[in-house]
Amino acid sequence: MSHDSPNRDADERAAAIRSLIKELRTEGIRSDSVLQALQTVPRDQFVPPEYVAAAWRNTALPIGSGQTISQPYVVALMTEALELTGDETVLDVGTGSGYQAAVLAGLCRHVVGVERIPELVTGAREKLHALGLSNVEVHEGDGSLGWPDQAPFKGILVAAAGPRVPEALLKQLADGGRLVIPVGPPSQQVLMQYRREGETIHSRQLTGVRFVPLIGAEGWADGFGED
Ligand code: SAM
């Protein structure tokens with residue numbers, strides 16, 4: 001009987017992770033702590049079984065309920081744009097599989113996740129619990145309205161695209177805080193970073209992206225983009 005196979009699988013997995021991190025560096029991700037988080041969080045535990053072999057590729061993948069886990073490059077870019085120092089409470093809107101929340105959990109004090117699809121909420125909670133991540137909570141709700149109970153937030157990350165930046169999220173941004181969100185129509189959006197300085201909001205365009213729609217009171221109407 002050969003004992004090669006588990007070792008070979010582990011070697012291949014380690015090589016796939018190294019190759020992804022190298023690619024992210026080449027694509028311009030500079031933050032060592034962000035790259036370390038992407039290297040450490042097991043993305044293969046956040047995708048359905050049929051996609052485990054593809055989990056370390058730099059692509060978005062289906063997670064069920066018509067939704068996707070974002071491309072690692074986009075996760076890294078958005079996380080980097082939050083400019084976390086470790087003591088923040090971060091609002092993660094569109095928690096989906098829970099992967100982005102797990103990445104954030106290693107880089108800040110506490111993560112408040114909001115996801116509108118109940119099955120994804122249950123799945124995300126299970127996966128985060130299985131990893132022993134006790135500084136993340138996941139709520140079911142409309143994240144286009146933020147999560148007022150725990151506002152203000154030093155970081156807000158939105159993984160779904162709205163027609164415009166939700167006023168509720170700008171209101172819940174702490175002084176000095178950063179909000180990262182894709183804004184625009186379904187075909188093509190711009191990833192934006194907003195920064196609050198007192199009563200002033202500064203905005204910066206990061207790059208072109210394509211996300212699933214933000215469905216909610218300050219997003220698109222329910223049923224938008226569905227056949
Ligand atoms: N960050 C997720 C991950 O790591 O798996 C991927 C997010 S997926 C690209 C976008 C998610 O936003 C979907 O799960 C979708 O159901 C959710 N979503 C869309 N509109 C929402 C809203 N108003 N509030 C909360 N979640 C929303």
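Just so you know, these numbers use all the heavy atoms, side chains as well, and skip hydrogens, waters and symmetry mates. Order of listing sets the numbers, starting from 1, for every ligand and every atom in it.
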List, for ligand 1, each N/O atom that has a protein N/O partner under 3.5 Å away, with both atom names and the distance.
residue: ligand 1; atom: 1 (N); partner: Gly94; partner atom: O; Å: 3.1
residue: ligand 1; atom: 4 (O); partner: Gln100; partner atom: N; Å: 3.0
residue: ligand 1; atom: 5 (O); partner: Ser97; partner atom: N; Å: 3.0
residue: ligand 1; atom: 5 (O); partner: Ser97; partner atom: OG; Å: 2.6
residue: ligand 1; atom: 14 (O); partner: Glu115; partner atom: OE1; Å: 2.7
residue: ligand 1; atom: 14 (O); partner: Glu115; partner atom: OE2; Å: 3.4
residue: ligand 1; atom: 16 (O); partner: Glu115; partner atom: OE2; Å: 2.7
residue: ligand 1; atom: 20 (N); partner: Ile215; partner atom: N; Å: 3.0
residue: ligand 1; atom: 23 (N); partner: Asp142; partner atom: OD1; Å: 2.9
residue: ligand 1; atom: 23 (N); partner: Ile215; partner atom: O; Å: 2.6
residue: ligand 1; atom: 24 (N); partner: Gly143; partner atom: N; Å: 2.8
residue: ligand 1; atom: 26 (N); partner: Arg116; partner atom: N; Å: 3.3

Only pairs at least two apart or in different chains count here, so list each side chain to side chain donor-acceptor pair (under 3.5 Å) that has a residue in residues 124-133. none
Give the table of side-chain donor-acceptor pairs shorter than 3.5 Å for residues 181-191, with sequence neighbours excluded, one pair per line with atom names and distance.
residue: Gln189; atom: OE1; partner: Phe211; partner atom: N; Å: 2.7
residue: Gln189; atom: NE2; partner: Pro185; partner atom: O; Å: 3.2
residue: Gln189; atom: NE2; partner: Pro186; partner atom: O; Å: 3.3
residue: Gln189; atom: NE2; partner: Phe211; partner atom: O; Å: 3.3

N/O donor-acceptor pair under 3.5 Å between Glu23 side chain and Ile21 backbone: no
Say whether, by atom type as modelled, one donor and one acceptor occur between the side chain of Glu218 and the main chain of Ala168 under 3.5 angstrom. yes
Which residue pairs satisfy the side chain to side chain donor-acceptor pair (under 3.5 Å) criterion with at least one member in residues 98-114, sequence neighbours excluded? Thr79-Gln100, Thr89-Arg109, His110-Glu137
Would you say Arg178's side chain and Gln193's backbone share a donor-acceptor pair under 3.5 angstrom? no
